[in-house]
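Here the structure is laid out as structure tokens; the discussion comes afterwards.
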2 protein chains.
Amino acid sequence: MNANMETLAAQLRAHGHKLTRPRRAILQALAEAAKPLSPAELQTRARVFDAELGLVTVYRTLEIMEELGLVRPVHLADGCHGYALATPGHTHHVVCQRCHAVVEIVGCDLGVFLEHVAARTGYTITGHWLEIAGLCADCQRALQEEAYTREENDHAAE
Amino acid sequence: MNANMETLAAQLRAHGHKLTRPRRAILQALAEAAKPLSPAELQTRARVFDAELGLVTVYRTLEIMEELGLVRPVHLADGCHGYALATPGHTHHVVCQRCHAVVEIVGCDLGVFLEHVAARTGYTITGHWLEIAGLCADCQRALQEEAYTREENDHAAE
DNA sequence: TTCTAAATGAAAAACTTTTTCAATACGGAA
DNA sequence: TTCCGTATTGAAAAAGTTTTTCATTTAGAA
Ligand SMILES: [Mn+2]
Ligand SMILES: [Mn+2]
Ligand SMILES: [Zn+2]
Ligand SMILES: [Zn+2]
């Protein structure tokens with residue numbers, strides 16, 4: 001169990017939760033994930049570490065971890081959200097459109113923008129939620145190669 | 001049928017879709033909604049205009065309207081998203097935490113912030129998605145009154 | 001009015017999430 | 001280390017959501 005895992009486990013303990021085999025498996029799977037996972041995906045991956053792990057436990061553990069702020073729902077452009085390990089504090093995510101790889105952006109600069117919004121709408125702003133979509137470096141490369149290959153084929157077909 | 005409705009209906013026609021009674025009912029219900037609606041909520045409200053309307057048709061119509069950009073999924077802080085009529089162009093939403101009233105913010109100013117993100121992550125940024133949570137003017141007032149009433153009760157109980 | 005393809009609702013199927021409950025296992029107390 | 005109470009578990013069932021299928025209806029062009 002690495003340092004990050006230790007910290008997460010300690011958080012659970014600190015809030016009076018037991019540190020069980022299923023929960024360790026779920027933490028491990030989340031720590032290794034490079035993209036937000038649905039409960040079903042998470043079960044599949046966590047079963048590498050606990051073959052018996054039930055889906056119900058995944059739901060229950062995500063609920064606890066979300067309350068403790070250890071995990072965050074990350075909304076995806078298509079369909080709904082997946083869950084990803086959260087860095088403490090306010091963060092945002094950049095999600096790759098092609099492979100769903102996710103990078104966390106710590107901190108943000110929307111203060112002035114949000115003041116405008118408050119003034120214009122009469123709302124008291126209590127929070128915000130920003131998801132950024134893009135193409136990761138790998139996928140940019142992959143798409144360029146695809147385009148190149150397609151061009152070659154087109155020439156051959158002439 | 002008001003002007004806004006006419007425009008929406010015309011959009012459907014322009015893309016080769018038929019303008020049916022169920023679809024008009026759905027448009028009408030969306031036009032009157034002050035908050036994002038789930039498919040089930042939308043069915044209930046649209047049945048005021050077409051009592052027979054089936055839930056399947058709501059799903060199918062939302063799918064078409066989302067493709068045409070007439071409707072947008074609005075992600076909510078709790079659980080998942082609802083659907084709201086979309087203003088053309090890039091917009092964001094401010095959603096009231098208490099009554100879910102939604103105001104659309106047309107235009108946004110995240111250009112510089114997004115450039116930073118691109119530089120830091122190596123991602124090409126293709127889009128973003130910002131939801132703002134807050135309290136609408138009405139709910140601010142309502143909550144203040146509640147607090148006041150509670151205080152009165154506390155005094156009476158002494 | 002006639003005709004045809006698009007669209008519809010009911011029913012079934014597929015999927016997801018929550019609830020219930022008896023069995024299990026974590027971790028504090030001895 | 002063993003023992004014990006209770007938090008936690010997985011299976012099964014229930015509840016809820018979304019998609020598929022199909023016979024029937026309807027919009028709208030001709
Ligand atoms: Mn969602
Ligand atoms: Mn932010
Ligand atoms: Zn990628
Ligand atoms: Zn409100």
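As the structure is a prediction and not an experimental result, all values here were calculated from the model. Numbered from 1 within each chain, the chains take letters A, B, ... in sequence-line order.
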Legend entry - Spacing of B/Ile64 atom CD1 relative to C/dT8 atom C1', expressed in whole Å: 12 Å

Inset, instruction - Please state how far atom CD1 in B/Ile26 lies from atom P in C/dG9, giving the value in whole angstrom units. - result: 8 Å

Legend entry - Interatomic distance where NE2 belongs to A/His81 and P belongs to C/dT16 [whole Å]: 13 Å

Inset, instruction - Please list, chain by chain and in numerical order, all residues satisfying side-chain contact (heavy atoms from CB on, under 4.5 Å) with B/Leu68, sequence neighbours excluded. - result: B/Leu12, B/His15, B/His17, B/Ile64, B/Leu70

Inset, instruction - Write down the distance between CZ (A/Arg23) and P (C/dC26), rounded to a whole number of angstrom. - result: 11 Å

Legend entry - Spacing between A/His15 atom NE2 and D/dA7 atom P, to the nearest angstrom: 17 Å

Legend entry - A/Cys139/A/Cys99 sulfur gamma separation below 2.5 Å: no

Inset, instruction - Round to a whole Å and report the spacing from CG of A/Leu12 to P of C/dA25. - result: 19 Å

Inset, instruction - Determine yes or no for a side-chain-to-main-chain donor-acceptor pair under 3.5 angstrom, with B/Arg98 supplying the side chain and B/Asp138 the backbone. - result: no

Inset, instruction - For ring-ring contact (aromatic ring centres under 6.0 Å, His included), just list the numbers for B/His90 and B/His128, CA-CA rounded to whole Å, side-chain angles, deciding distance to a tenth of an Å, and then say yes or no. - result: CA-CA 10 Å; B/His90 182 84; B/His128 68 270; 4.5 Å; yes

Legend entry - Residues, nucleotides or ligands: over 12 heavy atoms within 6.0 Å of A/Glu63 CD: no

Inset, instruction - Would you kindly compare B/Arg47 and B/Gly16 by the position of their nearest DNA chain C nucleotide and give the one closer to the 5′ end? - result: B/Gly16

Inset, instruction - Look at B/Glu52 together with B/Arg47 and state whether they make a salt bridge at an N to O cut-off of under 4.0 Å. - result: no

Legend entry - Residue mapping more 5' on DNA chain D - nearest nucleotide basis, A/Val58 or B/Leu55: A/Val58

Legend entry - Interatomic distance where CG belongs to A/Leu53 and P belongs to C/dA25 [whole Å]: 14 Å

Inset, instruction - Encode nucleotides 20-30 of chain D as B, S and - characters from 5' to 3', where the letter depends on protein heavy atoms closer than 4.0 Å: B to the base, S only to sugar-phosphate, - to neither. - result: BB-----BS--

Legend entry - Between P of D/dT17 and CG of B/Leu42, the distance in whole Å: 14 Å

